[in-house]
Amino acid sequence: MIQHPAFTVEPWAVRECSLDLDLLAQTESVFALSNGHIGLRANLDEGEPYGQPGTYLNSVYELRPLPHAEAGYGDPESGQTVVNVTNGKLIRLLVDDEPFDVRYGTLHEHERVLDLRAGTLTRKVHWSSPTGAEVRVTSTRLVSFTHRAVAAILYEVEPVDRSLGVVVQSELVANETVEYTGGDPRAAAALTSPLVLEENFPASAGVAIMVHSTRASRLRVAAAMCHDVDGPEGTLIEAQGSGDVSRVTVATRLKPGERLRLVKYFAYGWSAKRSRPAMHDQVVAALAAARLVGWDGLLADQRRFLDKFWDGADVEVEGDPEVQQAVRFGLFHLVQASARLENRPIPGKGLTGNGYDGHAFWDTEMFVLPVLTYTHPRAAADALSWRKSILPKARDRAVQLGLGGAAFPWRTINGEECSGYWPAGTAAFHINADIAYAVVRYVDATEDTRFERDTGLPLLVETARLWCALGHHDADGRFRIDGVTGPDEYSAVADNNVYTNLLAQQNLREAAETATRHLDRAQELGVTLEEAATWRDAAIAMYVPYDERLGVHPQSEGFTSHAVWDFAAIRPDQYPLMLHFPYFDLYRKQVVKQADLVLAIQLRGDAFTPEQKARDFAYYEALTVRDSSLSACTQAVVAAEVGHIQLAYRYLGEAALMDLDDLEKNTVDGIHLAALAGAWIALVAGFGGMRSGQGRMCFAPKLPSGITRLAFRLRYHGRLLRVGITPRSATYRLLEGPPLTLTHYGKELSVDGRAVTRRIPEVPVPELTIHQPPGREPALRRPGRKPRPPGTIA
Ligand code: BGC
C-alpha cells in the first residue's frame with residue numbers, strides 16, 4: 001500500500017502535521033531548499049534520524065569509475081557524481097543533558113511547513129525528554145535567493161514548565177556517511193569520504209571556516225558559519241574545531257518564559273582554480289554581507305524576491321485545491337533550482353537529492369525551460385549560457401565520434417558525457433536539437449538579441465553542423481538521420497525518428513536564419529553562405545516517415561511494422577518494463593516508454609494536420625506505458641488539443657502530484673523537476689492551449705470539468721500578460737507593457753491594460769476512442785488529502 005505523508009492541501013504552503021520516520025527521506029526532498037547554487041535537503045536540524053543527508057553545491061562533483069561490461073570506442077571512461085559537501089544545517093540540542101532526538105522521549109507535536117511565499121521551511125516541535133524535561137523548539141531555515149552563497153537558520157528553544165539546562169551545538173561537518181544507491185561498489189568507494197581536509201579554522205574569532213577539496217575532480221569547497229546568540233545572562237559560548245568537524249557550543253539555563261535564540265548564518269563557495277586562502281576569504285566575506293543584512297533582512301529580501309517571481313508566474317486553479325497547491329509547489333522548486341544558477345546546469349532533481357548522480361539531461365531544455373522562459377526568463381538564459389560554456393567539450397565529443405559541430409552530452413555535470421549505456425545515451429542526439437529549440441523559444445519570447453548573437457548563435461551553428469554530419473541525402477534527395485535514439489528509450493538506434501528529424505529541421509532552419517541576422521558574428525564562427533545553404537537544403541529535404549496503410553506517423557521508420565508488445569501478459573508489478581524485460585526485446589516491439597511522437601505533435605504542431613494529430617495520439621496512447629515521469633504532461637497537452645479534455649485532466653494530476661504523492665516511489669532520491677514543470681505545461685499549454693513561436697502568441701483555452709477557473713501570468717516581449725479562463729470565456733489583460741496582438745482560437749486580438757473577453761467555442765466530441773495499455777491508464781485521483789488545520793498560519 002502506498003503511504004502518503006500527512007501533507008495538507010493549502011494554496012501557498014506544504015505542511016506536514018506530524019513526523020512519520022518511514023517517510024523521512026521523501027519529505028527531505030519535498031521540503032528541500034535551494035537557490036540553484038546551494039541545495040539543502042530537509043534533514044532534521046539535529047542531523048539524526050535521516051533518510052539521506054544532503055548538502056549540495058551546483059557542479060561540485062567527484063569523478064568515479066564508469067564500468068562497461070564490454071568497452072567500446074568512445075565510451076566515456078569516468079562518471080561524475082554529485083558530492084554531499086560540508087553540512088552547515090546541523091544544530092544539536094541537549095536538554096538537561098538529554099540529546100533531543102525524535103526517536104526518544106515523547107514527541108507531542110511536530111510540524112514542518114514549506115512556505116511558498118516566504119521561501120522558508122519552518123519546523124515546530126514540542127518534545128519531552130525520557131526524563132520529562134519539556135521544551136518547545138522552533139527553527140526556520142532559508143537558502144537566500146538574494147545572497148547566492150548564504151543560508152541561515154533561526155533556532156529557538158523554550159522550556160515549557162520548569163527551569164532547564166539547555167546546550168545547543170551548531171556545527172559544520174564534512175564527510176557524513178551517505179548511502180550510495182547506484183549499486184556499484186567502485187562508485188561507492190569513490191564517494192566514501194570524498195572531501196580531503198585543507199583547513200579547519202575554529203570559530204574563536206566568531207567565524208568558523210573549513211576548506212576541503214575533492215580527491216579526483218580537484219574542486220575546492222569552503223564552508224563557514226557564524227552566529228548571533230541571544231540568551232539569558234550567563235549564557236556561555238565556546239568554539240572547537242578539529243578534523244572534519246567545527247562546533248560552536250552555547251550553554252545556558254532557561255526559566256519558563258525565557259528563550260534561547262540563535263541565528264546561524266552559513267556560507268559556501270567552491271572553485272576549481274582559486275587558492276585555499278582565497279576561498280577562505282570568499283566565505284568570510286559572504287558571511288559578513290549576510291550579517292550586515294541580518295536575519296530579518298534576509299527574510300524580507302527572500303519575500304521580496306518571491307513576490308516579484310509570483311507576480312510574473314502565479315497560476316490560479318479554482319475547483320481543484322490539490323492541483324492548485326501542486327502547481328505552485330512545482331513553480332517554487334523550479335525557481336529554487338534556477339534562481340542563482342549563473343552559468344551552471346539545472347540537474348534533473350535540482351539540488352534536492354543525489355538521484356541520477358546529480359546529472360542534467362534534456363529535462364532542462366524541454367520541460368523546465370519552457371516554464372522559466374515565460375515566468376523567470378533570466379534563469380532560462382543562465383541555463384543556456386551554461387550550455388554555451390560547455391561547447392568546447394561538446395565539440396571535442398563530436399570529433400571523438402567522427403562528427404562535425406558539437407555533440408552535447410546526454411547526461412553530465414561538468415559537460416563531459418557520463419552516460420554509460422550508449423544506445424540510450426550517446427545515441428540520443430536529439431538533445432542537440434532540444435538545446436536549439438530552447439534557444440529559439442527563449443529568443444522568440446524575450447526578443448533578447450544580445451543573447452541571440454552571443455549565446456544563441458554559436459549553439460545553433462554548432463548543432464546545425466552536427467545534423468549535417470549525422471544525416472545524409474539519400475538517392476531520392478531526402479535528408480535522413482539514421483541510427484539515433486528518440487525520447488522513447490524503449491526504442492533505440494532507429495532510423496528517422498520523427499521527433500528528432502522535425503526538431504533537427506527547425507534547428508537547421510533557425511541556424512541559417514539567425515546567422516543571416518548576425519552576419520558578422522556568423523562569419524567569426526566560420527559560417528559561409530554555402531554552409532548556411534546546406535542547412536536550408538537539409539531542412540527542406542528532411543524526411544518525415546508516414547505509414548499510409550495505418551494513416552499514422554511511425555515514431556521512427558519501420559516502427560509500425562514491429563510486433564506490438566503483449567501488454568495483456570504483463571502484471572502490474574512488472575512495470576517499469578526495463579527492470580523486468582531485456583532491452584533487446586523492448587527495442588524490437590511496439591511499446592513506448594514516454595511521449596516521443598506525441599511530443600513532436602506538441603512542439604512541431606505545424607508539421608501535422610488536425611486529423612493526423614488525432615489519429616497519431618490515439619495510436620500512441622495504446623502503446624505508451626509512462627515508465628518515465630516525463631510523459632504525462634505531454635500526453636495532457638496533446639489530449640487537450642485533440643479534444644480528450646478529461647483524459648488531459650487525469651494526466652495533469654499525475655504530473656502535478658508526482659512528488660507530493662510520491663507516485664513513482666522514488667522522491668527519496670530528489671524531486672522530479674521535469675514532472676513538476678509539467679504541471680504548469682499541462683495547465684498553460686494544455687488547458688490554456690498556449691503555443692508560441694515566430695513572434696506570435698496563440699491561445700485555444702478549454703477547461704476540464706474539475707477546474708472551474710484557471711488564471712495564469714506570462715512574461716512575453718517585455719509584457720506581463722494575464723489570462724483568465726472560465727468554462728465559457730477567456731479574458732486577456734496586460735499587467736505591464738505596451739499593447740500586444742495575440743490570437744484566440746486563430747482570431748487576432750489586441751490586448752492592453754483593459755480586460756478583453758472572448759467566448760470559448762464548444763469542444764467537438766472526438767471521433768476516436770482512446771485507450772492505454774491495460775493497467776496503465778492515468779490514475780484517478782485518490783481521495784483528497786486533508787485541508788489546513790484551523791488556526792494554523794498559511
Ligand atoms: C527518461 C529520460 C530522462 C531521464 C532523467 C529517464 O527515465 O527516459 O527521458 O531524461 O529519465 O529524468
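Quick note: numbers below take in every heavy atom, side chains included, and nothing from hydrogens, waters or symmetry partners. For ligands, and for the atoms within them, numbers begin at 1 and follow the listed sequence.
- A ring-centre distance under 6.0 Å is found for F581 and W565.
- N354 and D669 form no side-chain donor-acceptor contact under 3.5 Å, judged by distance and modelled atom types alone.
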Q. Run the salt bridge (Lys or Arg N to Asp or Glu O under 4.0 Å) check on R588 and D585 step by step: do they pass?
A. CA-CA 5 Å; R588 64 201 196 102; D585 210 19; 2.9 Å; yes

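- With values rounded to the nearest 0.5 angstrom, E621 atom CD is found 6.0 Å from I770 atom CD1.
- Residue L630 has at least one heavy-atom neighbour below 4.0 Å for each of these atoms of ligand 1: 3 (C), 9 (O), 10 (O), 12 (O).
- Atom 12 (O) of ligand 1 has its closest protein heavy atom at D363 OD2, 2.6 Å.
- No donor-acceptor distance shorter than 3.5 angstrom exists from the side chain of H359 to the backbone of W410, with no hydrogens or angles considered.
- Looking at atom 7 (O) of ligand 1, its nearest protein heavy atom turns out to be K593 NZ, 3.0 Å.
- If you look at F31 and F7, their ring centroids are closer than 6.0 Å.
- Shortest contact from atom 11 (O) of ligand 1 to any protein heavy atom: Y356 OH, 2.8 Å.
- The single protein non-hydrogen atom nearest to atom 1 (C) of ligand 1 is Q594 OE1, 3.6 Å, given as residue, atom name and distance.
- With a heavy-atom cut-off of 4.0 Å, H672 does not touch ligand 1 at all.
- Ligand 1 has no nitrogen or oxygen under 3.5 angstrom from a nitrogen or oxygen of W410.
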